[in-house]
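Before any comments, here is the structure.
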Amino acid sequence: MKNKKRDILVTSALPYANGSIHMGHLVEYIQTDIWVRYQKLQGHNCHYVCAADAHGTPIMIKAREENISPEKLVTSIAKKQYKDLKDFGVEFDKFHTTHSEENKLLVEKIYTSLQQKNLIYTKDIDQAFDTKENMFLPDRFIRGTCPKCAAKDQYGDACENCGATYSPDELINPISTLSNSEPIWKKSEHFFFKLSEFENELTQWIEDAKLHKNIKNKLAEWFKMGLKDWDISRDDPYFGFKIPGTKNKYFYVWLDAPIGYLASFLSLCKNRDDLNYNAYFKKDSHHELYHFIGKDIVYFHTLFWPAVLEGAGIRKPTSVFAHGFLTINSKKMSKSRGTFINAKTYLDNLDPNFIRYYYASKLGPSMEDIDLNMDDFIARVNSDLIGKLINIASRCSGFINKNFNGELSRELDDPKLFNTFLQCSQSIADHYEAREYSKAMKQIMQLADKANRYIEEKKPWVMIKKEEQHEEVQLVCTQGLNLFRMLLIYLTPVIPEISDKAKSFFNEENWHWDDTLSPILGTKINKYIPLLTRVEKEKVDNMMTSSNETTSKAPTNSEKNLITIDDFMKVDLRVALINDANEVEGADKLLELTLDLGESNRTVFAGIKAAYEPKDLIGRHVIVAANLAPRKMRFGISEGMVLAAGPGEKDIFLLSVDAGAKPGMKVK
RNA sequence: GGUGAUGUAGCUCAGGCGGUUAGAGCGGCGCACUCAUAACGCGCAGGUCGGUGGUUCAAGUCCACCCAUCACCA
């Protein structure tokens, strides 16, 4: 049963240093932290490193908006992020930053090494350029009308309304969100990493790393499409590391971010005599390396990253563990819907141990999303943690303290029952190791039920009234407290803070997984102070309310993007009569409308099929943007846009005019 | 649009290779207890396993199609 000591290095994805930590981030950090604490509890040499992800255009822009240097912005945000994580019991051995000396050194070293092996080449590409701001624009900073469904104000890479993906040059009326000007298209030399040369190595690595079935599926899909080389450079202005030998080219943030894992560890090694960086990262290292990530960044961690490491002659990760996203009350986390909960908002109202346990009770090794359902959260935490677990201690300790001067008996009442609990040790350990936390929690709670049933059967509160059974009460409660102690050792990775409190209640110093083997007997316990009290619904409600308040205070997009009356008058809005409406063959969302605009007739494709029947539309008056540039669509040319409101799908509502309006009338 | 995944009691979820009356925890209802910051114990009720069709002696479990939800598309 005793394994030899393992050397393990673990990472969580680096939080991007432009915002606060929220409940979604915490799924990952808590999942990782539980695993690391478990390994440490088993006595392994396990190290957990992370860092602030400091580079990239969004951080540069935000710093500019706040009129401070990007360095300063990153430092202050990283400090807050680190504190939030720490307050949730997430215990890093090192939290560094990608904007560090160590990282610069490693990035350049790796790049040079790739270059020497002829794995880097340059190529000119066309990119959107903002002439006012004098910079190239990432897709996210371009908005315009979706070429597929004509939804307005969509990002440069994908439409949130119809889900279409495209390149920014396909957008209708593209606008730079930085200057509100129309971008031009300009050539620029970019640096590429030859990912395509690593197909064989990657295929082998995917097998070796025993990646989860879901990840493998996803990878197979990408392999089928063929690996494309990776663009690793960005143009000035950019916040990042300059590419050696160039004047104005920078490394793309996604190149230096994962290298930040190594840099953070390197920095840790500097302060620790017992750690050797090379032992972990030399090509043939047998030390273990694991990355915990979200499913959105599987691509970077299972293709680019191992390929870059392979190319640079560095060891590859032992494995990569991807988790799903968090939904709140079954809804996507969203600021506008008030389902966006910041870490800080949670902490202002609730105990971090609650959410650590709740996440653990739902987490498994798969990439499925998990839901934070508030009613479920309250029920689960109160029932499991308070009602079952903590209750064992609080119903036993009173007897020991009041009647036996706080002293535990010298033997157990039921060693067999104790052994039953012990027999689950391996299975629970295996669950932790395999990141099957939900199964581990279930098993532990079944034991807690068993402990409560034992006390119920023995009825110490009856025995204490009979002189001849007095001593048996001590035996029974000592038994109960020992069962409780074992369960808390099992739960130490999940609720470390409660575990610490229990430790001092038992007057013990350190707990190791194998301390479950021998019961604690004949010693004194301290006065019992409730280790944890129930979740109150009011606190949860309060948290939800303040989440709503803080998020709705943020200026909305419309407030920021004010336009003048002249801007508004540029849009020629007209009343139109729908003469005809038909379904479009091959289009899922479009209807073809023939409109009477008074002087002329128009054909317009409108994305309203989910909401309206063609026959109900004929004869209706609607409002049309009449001077919209005609747009060639797959099904024909659309000569305008019918105005409608709503989030999409079935919830689209056409604007109509009061009786008397005639086709062709101008709206003003 | 393409690809992948998910859909089992009110809620959260288990259900290797298809096999008798489909499981757990929570919640609900009833009983009991009073040691426990109402916690615990015993019992009961709840499901045509998203839909349709198929393969089979037999399907929640395999196949096809459909619907809904989610994610990814460098």
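Nothing here was measured: the structure is a model prediction, and the numbers come from that model. Naming convention: chains lettered A, B, ... in sequence-line order (proteins, then strands); numbering from 1 in each chain.
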- Item | Gap between atoms CG and P, on A:Asn391 and B:C40 respectively (whole Å) | 6 Å
- For atom CG of A:Leu481 and atom P of B:C35, their distance in whole Å: 17 Å
- Given the P atoms of B:A58 and B:U12, what is the spacing between them in whole Å? 35 Å
- Task: Scan A:Lys228 against the nucleic acid and name what it touches under 4.0 Å (heavy atoms): base, sugar-phosphate only, or nothing.
- Result: base
- Item | Whole-Å gap separating P (B:U69) and CG (A:Asn373) | 19 Å
- Contact class for A:Pro460 vs. all strands (heavy atom < 4.0 Å): base, sugar-phosphate, or nothing? nothing
- Message: So A:Gly387, base contact, sugar-phosphate only, or nothing? Heavy-atom distance under 4.0 Å.
- Response: sugar-phosphate
- Taking atom C1' in both B:G23 and B:G15, what distance in whole Å separates the two? 7 Å
- Could you tell me whether the side chains of A:Glu456 and A:Asn452 share a donor-acceptor contact shorter than 3.5 Å? no
- Between B:G2 and B:C65 - P atom distance, rounded Å: 13 Å
- Message: Does the structure show a Watson-Crick or G-U wobble partner for B:U61, both distances under 3.5 Å? Name it, or say none.
- Response: none
- Message: Mind checking if A:Lys388 touches a base, just sugar-phosphate, or nothing, with heavy atoms under 4.0 Å?
- Response: sugar-phosphate
- Item | Distance, P atom - from B:G51 to B:G60, rounded to whole angstrom | 11 Å
- Query: Under 6.0 Å between ring centres, would you say that holds for A:Tyr359 and A:Tyr29?
  - Reply: no
- Message: So A:Asp375, base contact, sugar-phosphate only, or nothing? Heavy-atom distance under 4.0 Å.
- Response: nothing
- Rounded distance in Å between the P positions of B:C49 and B:U8: 11 Å
- Task: Considering only atom P, compute the distance from B:U21 to B:A59 and round it to an integer number of Å.
- Result: 11 Å
- Is a donor on one side and an acceptor on the other found under 3.5 Å between the side chain of A:Tyr357 and the backbone of A:Pro352? no
- Message: For a quick check of understanding: with a heavy-atom distance under 4.0 Å over all strands, which category does A:Phe325 fall into, base, sugar-phosphate or nothing?
- Response: sugar-phosphate
- Query: Is the base of B:G46 syn or anti, where syn means the angle lies within 90° of 0?
  - Reply: syn
- Message: Below the 4.0 Å mark, does B:G27 have OP1 or OP2 next to a side-chain nitrogen or oxygen of A:Arg380?
- Response: no
- Item | Nearest-nucleotide comparison on RNA chain B, the residue closer to the 5′ end among A:Ser383 and A:Lys362 | A:Lys362
- Query: Between A:Phe399 and A:Ser361, who's closer to the 5' end of RNA chain B by nearest nucleotide?
  - Reply: A:Ser361
- Message: Are A:Tyr358 and A:Phe377 an aromatic pair, judged by ring center distance below 6.0 Å?
- Response: yes
- P atom, B:G10 versus B:G28: distance in rounded Å? 15 Å
- Note on the structure: Rounded to the nearest 0.5 angstrom, the CE-CD1 distance for A:Met23 and A:Ile30 is 6.5 Å
- Query: Which whole-number value in Å describes the distance from A:Leu385 CG to B:G25 P?
  - Reply: 18 Å
- Query: Taking the C1' atom of each, how far is B:G27 from B:G46, in whole Å?
  - Reply: 11 Å
- Rounded distance (nearest 0.5 Å) linking atom NE2 of A:His190 with atom CZ of A:Arg234: 6.5 Å
